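In what follows, chains are A, B, ... by sequence order, proteins preceding strands, each numbered from 1. The shown structure was predicted, so the numbers you read here are calculated from the model rather than taken from an experiment. Just so it is clear, the values below take in all heavy atoms, side chains as well, and ignore hydrogens, waters and symmetry mates.
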Amino acid sequence: MDIGLLVFLPVLGAIASLLSRLKRPGPDHVQRHALVALIAPAICLLLLLSYLPRIQSGEALVYSLSWVPEIGLGLAFRLDGLSWLFATLITGIGCLIIVYARYYFAGKDTAGRFFILIQLFMTAMLGIVLSENLLFMLVFWELTSLVSFLLIGFTWSSRNARRGARMSLVITGGGGLALLGGILLLGQIVGSYQITDVLAATDTIVSDDRYPLTLSLILLGAFTKSAQAPFHLWLPHAMAAPTPVSAYLHSATMVKAGLFLMARLHPAMGDTELWFSLITITGMVTLMVGAFVAMFMHDIKGLLAYSTISHLGLITLLIGMGSEMAMAAALFHLTVHALFKAPLFMMAGIVDQATGSRDMRNINGLWRTMPALMLITAVPAAAMAGLPLMSGYLSKKMLFSESLLVTAPHWATTLIPVWVTVAGLFSVAYSVRIFHNVFFNGQPVDLPHWPPRRKPAGMLIPLFILASASLLVGLAPQATYDTVIHLAVMATSMTHLPLYDFSELSDAQGPAMMSMIAMLGGVVFYLARGPLFAIHRQLPDVDAKNIFEQIMQQSIRFAQSLVYRLENGSLQRYLAFILVAAIAPALWMLTGYTGWQGPSALTEVNPMVVFGAVILCLSAIGVALFHHQRLPALLLLSVTGLFVTLAFAQFSAPDLALTQLSVEVMAVVIMMLALSFLPQTSPRESGAGRIARDLVLAGLAGTGIALFAYAVLTRPAETISGYFLANSVPGGGGTNVVNVILVDFRGFDTLGEITVLGIAAVAVFAFTRDLHLKERVASAGTAKGFAEPHPVILQMVSRMALPIALLVSAFIFLRGHNMPGGGFIAGLVTAVALTLQYMAGGLVWAQERMLTHFRPLIGAGLLIATATGLGSWVVGYPFLTSAFSHMDWPLIGEFELATALLFDLGVYTTVVGATLLILANLGKLMTVAGPGQEVG
Amino acid sequence: MNGSEMPLLLQLVITFFLVAGAIVALIGSIGLARLKDFYMRLHGPTKASTLGVGCILLASLLYFSYLKGGLSVQEALVTLFLFVTAPVSAHMMAKAALHRKLKCSPRTRKGPPDH
Amino acid sequence: MNHLMIMPIVIPLLTGAFLLVMYRYNIGRQRSLSIGSTLLLVIFAVWAILQAGVTDYTLYRLGNWQPPFGIVLVLDRLSAIMLLLTALLSLFCVLYASRGSDREGSHFHALLQFQLMGINGAFLTGDLFNLFVFFEVLLIASYALLLHGGGRARSRAGLHYVVINLAGSALFLLALGILYGLTGTLNMADLARVIATAPEADLPLLKAASLLLMVVFGIKAALLPLLFWLPRAYSAASAPVAALFAIMTKVGFYSMVRVFLVVFGLDEGSPANDTVLAWLWPMALVTLSLGGIGVLGASSLRTLTAYMVIVSVGILLATMSRNDEQLLAASLFYLLHSTCMTAVFFLLADLIGRYRENGYDRFSVISPLSHRWILGTVFLVAAVSMASLPPFSGFVSKAWILQSSSRLSDYLWLWAPILMSGLLIIAALSRAGSGWFWRPEQRADEAAPALDGARTATVCVMIAISFSLAIFAQPVMDYLEAAARLIYEPSGYVEAVLGDYVGQSREVTE
Amino acid sequence: MNRREFWLPRPLFSLFLAVLWLLMVNSFSVAHMLLGLALGVFIPFVTRAFWPEQAKVRYLLPLLRYFVVLMVDIVRSNLVVARRILWYPNQLTPGFVTFPLELDDDFAITILASTISLTPGTVTAHYDSYAGTLLIHALHVTDEDELVRQIKEQYERPLKEIFQ
Amino acid sequence: MELVIAITLGVLTSTGVYLILRARTFSVVLGLTLLSHGVNLFLFSMGRLTTASPAVIGLVENYTDPLPQALVLTAIVISFSMTAFVVVLALKAAVELRSDHVDGEDPNEDRQ
Amino acid sequence: MIATVIPFVIGVFCLAVLLNLYRLAIGPDIVDRILALDTLMINSIALIVLADIQMSLGILFEAALLIALMGFVGTVAMTKYLLRGDVIE
Ligand code: NA
Ligand code: NA
């Protein structure tokens with residue numbers, strides 16, 4: 001449990017920092033923040049130290065808590081030698097960074113934010129190294145990318161900071177996704193994400209088909225995080241972050257996460273040809289690229305960044321070699337690097353703040369003004385150069401000696417030793433340069449602050465501690481190795497190893513020679529820097545950030561153009577896509593289908609039906625042909641509608657005929673209302689190609705429908721409708737089965753259907769409410785002549801027709817349950833009769849005479865229908881259960897009372913309200929007082 | 001069920017109305033198709049078709065009255081409705097034609113007054 | 001029979017109708033009614049979750065008619081989940097809209113209630129034609145809501161959306177016609193039964209009908225190449241409407257699951273859904289990829305979110321088309337996550353847009369912003385969740401999907417676009433965030449309107465839901481696995497719905 | 001307006017509706033009589049605002065007689081028109097005739113206009129309420145004044161009697 | 001007879017499809033109407049077509065399949081609602097987008 | 001007798017309908033087309049009634065009534081549109 005505490009303590013610290021930040025910033029607020037921020041890491045460090053004895057006994061402390069067992073994700077922690085080493089580095093250096101930052105951020109408001117983020121980051125790093133569950137580790141892995149994004153963009157007003165932050169997030173985030181894939185595959189192979197299980201399943205993993213992919217994905221994650229070429233590009237640009245961030249994230253900790261992962265998985269996945277070649281080659285390239293570029297950097301932080309890349313490559317190379325000794329060297333150098341690189345960054349920050357510059361061409365001769373800094377920096381600089389007696393010397397010699405031991409594959413045996421020697425040479429050169437150029441090399445040039453501003457001595461404390469530690473390691477390598485590193489190495493090889501013998505190392509001749517060459521060569525190289533810089537200046541200046549931005553921009557442009565080209569705002573194209581999508585699969589499916597002709601015999605041809613069919617077809621084709629002339633097309637459409645009605649009447653569907661007819665007229669009236677605002681003709685704007693394409697689509701669609709219809713019609717019908725015919729009278733109380741289906745068997749459909757109508761009307765109301773048709777409104781008025789607005793004769797007849805039409809609709813309504821008719825048709829008849837009043841008397845005239853507004857009518861209709869349905873609850877039946885009874889009243893005769901009639905009343909009311917609401921609002925657009933005024 | 005058990009006289013009457021209606025309606029439509037200008041064409045449908053359909057409805061009235069045993073006057077309602085609305089339709093169409101200043105045939109004695 | 005089951009349909013219907021009757025109600029009363037109704041929906045949805053957890057299938061026979069003759073509502077775990085998701089989502093949308101967006105046009109609350117009725121009906125119904133009806137209800141309401149507030153962009157997008165969906169409705173009817181013509185029934189369970197025993201010669205026709213249905217549902221779900229209406233429609237809609245629309249594509253997905261896996265999937269030997277699933281797979285993958293590209297190329301946060309919707313649809317349909325029980329469960333989890341987060345982003349785009357001096361949610365405009373800290377933090381957290389980064393539900397769901405799919409032979413086809421689109425999302429969101437919150441100057445205080453606490457809180461609670469979905473993932477996953485198991489036992493569904501009805505009253509006419 | 005006029009604006013028309021109802025339902029049960037009467041009262045009540053003018057029908061019997069005459073004329077006119085259309089469509093001499101109205105009740109004018117449209121070879125094309133004239137199109141006209149006189153004689157005079 | 005009906009359905013659908021692919025809202029509305037005619041008739045004919053047998057109990061001896069009729073009735077009402085809606089929307093769009101082209105005057109104006 | 005004559009009568013009305021369609025197609029003016037459509041509607045009332053008689057159903061009366069009503073309203077709408085450029089104002 002307390003391992004888990006170890007991980008989450010910094011979160012608590014971050015919360016504490018957040019709370020402390022809420023307090024009004026006083027003169028000492030940075031100090032307060034720093035103190036608050038130091039608590040959690042310090043406790044962590046102490047806890048870790050307290051674990052050391054147990055770790056040294058070779059124990060791996062594992063603690064697991066279930067979280068999402070379904071996907072194998074658990075809160076599981078593991079503390080063994082490897083994680084202890086990393087965790088200690090993270091917390092230890094973290095504490096020192098916080099101390100350093102207390103002075104670095106002195107007087108700045110942003111300090112609080114820094115302390116919050118740095119502790120969050122610490123949590124993320126501790127999570128990575130202490131996770132026992134690989135998926136759980138991934139949670140923290142992504143968190144490091146994210147917090148690092150925020151930290152790099154810390155000074156967000158700078159464009160460089162923003163770009164650098166984005167670049168690092170995209171690269172490391174992308175790597176994280178690859179890692180996710182890799183880890184999931186690994187988990188699938190092993191059957192568990194627990195590191196214990198994974199480490200125990202080496203043979204299963206290596207022999208699996210998916211091993212190459214798994215390894216590649218995992219390494220992709222590791223390489224991006226650890227800035228391996230070609231993913232190293234983000235690291236130099238992360239230097240836009242404040243120096244404490246660079247010192248912590250980009251030298252000591254985050255970039256080591258990838259190395260950690262490789263070391264962690266080495267026992268499970270290493271020891272293969274693939275592992276060796278992927279990692280060593282990457283390491284070698286990174287090592288060389290980093291070292292080479294570092295030599296030519298003028299920016300102190302830039303140089304340090306590239307040197308970091310180079311050292312990361314070096315460690316990667318060692319991990320790739322994979323032998324126990326190489327692993328020992330890797331971990332030793334990793335520790336050593338953390339100890340010397342952090343103080344060098346801190347130095348860069350001090351110099352930057354003191355002089356206002358980081359350019360080594362300007363910064364010279366600081367030894368006079370900052371002698372203490374010079375003295376302290378000498379140690380890490382020497383360590384980086386790998387001078388004898390320094391920690392870096394030993395680790396470099398370990399590398400050299402390991403490089404000589406490589407026997408397979410063939411290409412590596414000579415290449416690697418030469419390669420590492422050259423790289424060593426470069427590293428000597430840039431180490432000498434950073435020290436000499438900053439502290440010596442003549443007088444400073446054009447520095448913003450000169451003489452340097454005094455910096456608090458406190459900043460030197462963490463520097464001093466780290467430098468001492470580095471020195472200590474160099475002086476007592478064996479002790480260092482034995483106490484901490486050996487445990488980690490054992491964790492990476494899962495075997496009990498003999499201790500590394502440093503005395504053996506000092507006796508070896510080869511490594512010593514290589515060291516010598518590197519050192520002398522480096523110095524020579526540095527002395528010859530003038531001409532070399534001149535040559536380097538000739539080389540094209542490549543800014544990775546710009547390249548990255550360009551790639552991003554290009555991708556975005558590509559994405560935009562692709563999307564724009566597809567989603568180009570053309571409805572015609574979208575519809576064509578949909579048609580193709582509907583036709584193509586069906587066509588594909590049915591090519592070669594032979595079952596179009598079903599078993600049923602064809603029925604004989606009825607000439608009247610043929611006549612109707614021909615006219616139906618002709619009128620439809622006519623609409624298509626004359627669609628440019630809109631009113632004639634509309635008339636032809638009416639003919640089509642009429643013949644559809646006749647078809648329904650002919651084929652035993654009187655209800656449908658009635659409905660179709662009423663709907664048709666209302667639709668045509670509505671279309672004509674709209675047509676008065678639209679152009680009277682459609683321009684001919686389709687090219688021949690477009691017309692041909694559309695004709696093909698239309699033809700295919702029509703053929704498809706025809707084939708389907710033919711296939712179905714020639715098959716015997718097998719349906720459930722016998723039940724409806726049988727139960728309509730006994731169960732539904734009506735002889736018109738269609739109506740009984742509508743109000744009873746499938747009354748729920750009808751409820752939905754009238755809701756649709758109601759919504760459509762309300763929608764029309766809502767969006768014509770503020771529609772302005774200015775240019776049209778002016779023409780309305782009271783014209784004389786033939787075009788008088790309200791012809792008297794029409795008015796007279798319409799008024800007379802209204803009561804009669806209402807009587808007819810009452811008739812149709814009441815009859816509906818037993819004969820063709822029903823609420824819907826009755827409603828439409830009423831609506832049509834009232835529409836006639838609008839047409840004859842005008843909107844204002846008719847509107848004044850309406851008994852009610854239309855929206856409440858719609859609502860009431862829906863409520864009536866729903867309430868009828870709910871009524872059946874009272875007697876314990878489900879929604880819409882009907883009841884009916886025939887009552888024989890004396891004198892009056894037999895009366896049938898059915899709840900279905902009440903339901904139909906709801907339908908009627910809704911239809912009247914909805915239809916009139918639509919019409920009135922369309923008509924409203926024409927009147928002078930129209931826009932903005934509510935009608936209905 | 002069919003009309004074969006009907007009294008011959010009724011059958012004859014119904015047949016007469018059917019045939020007469022058909023002929024009258026056809027004449028109306030012929031007029032619509034053949035006559036020279038719109039105003040003349042208007043006459044055919046307004047009267048002939050209305051009456052023709054009226055005859056058919058009358059036949060239907062008789063037929064179903066017999067079939068269902070009782071007076072079935074629903075068709076009369078349709079006829080009535082047609083006779084009330086047809087003049088109004090014609091009136092409205094004529095107004096529209098006047099408004100659109102449709103040309104009269106050259107044989108017209110006196111054109112419409114200008115408004 | 002438990003009447004609570006009809007409540008998710010009846011309550012919004014009554015509320016909507018009542019709001020129309022009381023059309024003069026002031027906006028305050030409208031809001032209270034609407035919020036009250038939506039709260040009730042949440043309660044009933046919770047009941048539905050519990051009920052479905054206890055009983056695999058709860059039936060509600062409307063009109064007390066025996067299925068397949070009457071319409072039957074079927075509540076199982078899948079529909080219960082969808083009901084709860086809809087209820088919660090709509091609650092947040094209503095709350096958000098009640099801060100002012102609802103006044104931009106008429107009858108927002110009534111229309112929204114009708115929309116909920118349609119959505120809930122589509123989730124509950126066990127009848128294919130009734131599904132069509134509820135589709136139309138939810139569509140017509142969505143047309144109206146899309147146009148809510150007016151403006152040119154909405155008119156254009158609305159017109160396209162409407163016409164395309166009308167074409168879709170025509171296709172739906174065609175497919176229904178073919179199915180009815182060949183099977184003589186409309187009840188999903190009965191259809192499944194008949195299709196499973198259909199004569200060999202009819203099978204291709206039935207499969208062709210299923211392909212037509214794929215297009216119909218594909219238009220709703222936004223499957224390539226049927227999705228081009230979506231980006232503009234969703235980005236034109238007002239924020240709460242767009243957020244509610246996050247569930248709409250899922251209605252299409254849900255219908256596909258119901259129809260293709262249950263109705264066409266009964267025959268275990270050679271189910272009729274093989275053709276449609278085979279078509280769905282590549283189309284969904286291309287959809288997913290195009291969604292990712294669109295996310296990168298989006299010019300505003302709303303458009304970006306619209307493409308996020310497309311990405312999520314791609315993932316959902318691709319996983320569904322693999323016809324695997326566990327994968328379906330995983331994709332249902334992803335459905336919960338993606339619906340929640342796309343809704344969050346539509347709201348967030350509006351929330352942030354309100355506090356930018358100009359440019360609303362466009363990326364190309366650099367504009368001072370007020371309340372940078374709060375909004376920035378909310379955006380950051382939301383973006384992390386949206387990008388499927390841990391520790392939010394997106395991470396869990398994606399991990400589950402990838403994991404479950406890795407057992408399939410062609411898993412890499414799914415993995416590659418999922419992971420790549422993840423990267424594109426990270427790239428796009430980091431650009432957006434850094435451009436909005438880091439780049440411009442702080443907006444001058446006097447010009448800045450006060451932060452709307454209610455709107456912000458709504459968004460935050462939704463993000464918190466995404467987070468708690470990850471924290472309490474296991475129980476949710478158990479539920480979803482059970483839901484998926486039921487889907488893959490269509491015979492159980494058929495038995496539960498049809499009961500002892502074995503083709504009585506069916507007649508054959510030559 | 002008194003109570004009766006409010007609740008029962010048109011008693012005669014109500015009765016007409018009730019009869020019409022019975023004709024439509026084709027059943028003369030007590031139930032339908034009651035229902036017909038109820039509708040006859042209810043419908044004019046709810047639509048009274050649409051029909052504000054009081055019809056001034058003086059004599060019902062002459063009106064009925066008028067309609068019978070009209071029916072005969074319609075049949076006759078059809079025969080005439082049929083002959084013209086079929087046998088000599090090209091020899092027709094159509095023309096517009098302005099008919100000066102003596103009637104001033106809109107309802108009566110409407111009946112007259114409809115009558116003209118339904119009878120031999122004439123269609124009412126326009127009603128000019130300012131000038132008080134009807135514009136008539138005749139399919140075949142040889143003497144305009146004769147036509148005007150004929151219409152006045154045959155239709156306008158009876159209508160005037162009925163409505164004034 | 002089946003062939004006649006099939007061809008009619010095909011023609012209705014074809015003309016509808018052709019028209020919805022036109023560039024002007026009015027043509028699209030015409031097309032949608034024709035398409036819905038085609039589809040409704042198709043659905044209707046799926047119950048097989050019979051004459052003189054309306055599903056009114058007691059009127060005739062053989063009844064046609066009433067279920068598709070009920071479905072088509074629902075479909076007609078829905079397509080009427082949709083037509084009304086889309087007509088008004090087309091009008092609104094034509095006014096606001098300054099053109100009755102389905103994409104307005106400039107389809108990409110709200111894109112930046 | 002009636003059964004024999006009905007097909008003939010139907011045929012005559014079909015001929016009438018064809019003539020109406022001919023006028024509808026050639027126009028020349030839109031008013032001609034409206035007139036043709038109006039006539040077509042009236043003739044189709046006859047067709048409906050004849051079909052009703054032929055099938056001896058007696059249930060298509062409402063259809064005839066509605067065609068009459070709807071035909072009238074449609075014609076009025078179209079002519080009003082021509083007269084005023086609008087149907088309702
Ligand atoms: Na220097
Ligand atoms: Na019932």
[X] and [Y]: which non-hydrogen atoms are nearest, and at how many Å?
X         : Y         : answer
Ser14(E)  : Gly699(A) : OG-CA, 4.0 Å
Met46(E)  : Val712(A) : SD-CG1, 3.4 Å
Val4(E)   : Ala613(A) : CG1-CB, 3.7 Å
Ser27(E)  : His627(A) : OG-CD2, 3.2 Å
Ser652(A) : Gln69(E)  : O-NE2, 2.8 Å
Leu725(A) : Ile57(E)  : O-CD1, 3.5 Å

Can you find a pair of side-chain heavy atoms, one from [X] and one from [Y], that are under 4.5 Å apart?
X         : Y         : value
Leu30(E)  : Arg630(A) : no
Met1(E)   : Leu713(A) : no
Ile741(A) : Leu73(E)  : no
Leu12(E)  : Cys617(A) : no
Phe26(E)  : Leu634(A) : yes

Would you say [X]'s side chain and [Y]'s backbone share a donor-acceptor pair under 3.5 angstrom?
X         : Y         : result
Ser721(A) : Asp65(E)  : no
Arg48(E)  : Thr714(A) : no
Lys92(E)  : Thr768(A) : no
Glu753(A) : Ile78(E)  : no

Margin query: Working note: Arg24(E) + His628(A), criterion side chain to side chain contact (heavy atoms under 4.5 Å, CB included); need CA distance, chi angles, decisive distance, verdict.
Written below: CA-CA 9 Å; Arg24(E) 298 288 155 167; His628(A) 294 284; over 6 Å; no
For [X], is it the side chain, the backbone, both or neither that has a heavy atom under 4.5 Å from a heavy atom of chain E?
X         : value
Gln572(A) : both
Leu695(A) : both
Leu575(A) : both
Tyr710(A) : both
Val729(A) : side chain
Ile918(A) : side chain

Max heavy-atom pair count under 4.5 Å with chain A, selected residue of [options]:
options                                : result
Asp100(E), Leu89(E), Val28(E)          : Asp100(E)
Leu49(E), Thr64(E), Thr83(E), Val60(E) : Leu49(E)
Ser81(E), Gly47(E), Pro68(E)           : Ser81(E)
Thr33(E), Thr13(E), Val88(E)           : Val88(E)
Val77(E), Val17(E), Thr25(E)           : Val77(E)

Name the region of [X], side chain, backbone, both or neither, that has any atom closer than 4.5 Å to a heavy atom of chain A.
X        : value
Ala52(E) : backbone
Thr50(E) : both
Leu71(E) : side chain
Phe42(E) : side chain
Leu3(E)  : both

Margin query: Would Leu41(E) and Phe648(A) count as a side chain to side chain contact (heavy atoms under 4.5 Å, CB included) here? Give the steps.
Written below: CA-CA 8 Å; Leu41(E) 278 177; Phe648(A) 286 141; 3.7 Å; yes
Next item on the list: Check the pair Val56(E) / Val737(A) against side chain to side chain contact (heavy atoms under 4.5 Å, CB included), numbers first and verdict last.
Entry: CA-CA 6 Å; Val56(E) 177; Val737(A) 186; over 6 Å; no
[X] side, atom [atom1]; [Y] side, atom [atom2] - distance, nearest 0.5 Å:
X         : Y         : atom1 : atom2 : answer
Met608(A) : Thr51(E)  : CE    : OG1   : 10.0 Å
Asn818(A) : Leu59(E)  : CG    : CG    : 11.5 Å
Leu34(E)  : Leu636(A) : CG    : CG    : 10.0 Å
Leu21(E)  : Ile691(A) : CG    : CD1   : 11.5 Å
Asn40(E)  : Gln660(A) : CG    : CD    : 7.0 Å
Leu616(A) : Ile7(E)   : CG    : CD1   : 13.0 Å

Among [options], who wins on heavy-atom pairs under 4.5 Å with chain E?
options                                    : value
Leu700(A), Leu678(A), Val911(A), Val663(A) : Val663(A)
Pro679(A), Ser728(A), Ala761(A), Gly752(A) : Pro679(A)
Glu685(A), Gln650(A), Met671(A), Glu664(A) : Glu685(A)
Leu922(A), Leu656(A), Val605(A)            : Leu656(A)
Asp749(A), Thr640(A), Val614(A)            : Thr640(A)

Checklist line | Test: Asp103(E) and Arg573(A) ion pair at under 4.0 Å | finding: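 So Asp103(E) does not pair with Arg573(A) through a salt bridge.
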Check: Run the ring-ring contact (aromatic ring centres under 6.0 Å, His included) check on Phe85(E) and Phe767(A) step by step: do they pass?
Finding: CA-CA 10 Å; Phe85(E) 182 90; Phe767(A) 71 70; 5.2 Å; yes
Notebook entry, point to check: Is it true that atom CD of Glu61(E) has more than 12 heavy atoms of other residues, nucleotides or ligands lying nearer than 6.0 Å?
Noted result: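 It does not: Glu61(E) CD has 12 such atoms or fewer within range.
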Next item on the list: Start with the C-alpha distance between Ser682(A) and Arg22(E), add both sets of side-chain angles, then the distance that settles side chain to side chain donor-acceptor pair (under 3.5 Å), and finish with yes or no.
Entry: CA-CA 10 Å; Ser682(A) 300; Arg22(E) 298 300 97 216; over 6 Å; no
Note to self: For Phe80(E) and Phe824(A), I'd like to know if the aromatic rings sit close, meaning centre-to-centre distance below 6.0 Å.
What the structure shows: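 Not close enough - the centres of the two rings lie 6.0 Å or further apart.
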Next item on the list: Evaluate the criterion side chain to side chain contact (heavy atoms under 4.5 Å, CB included) for residue pair Val11(E) and Leu618(A); output intermediate values, then yes/no.
Entry: CA-CA 9 Å; Val11(E) 170; Leu618(A) 284 179; over 6 Å; no
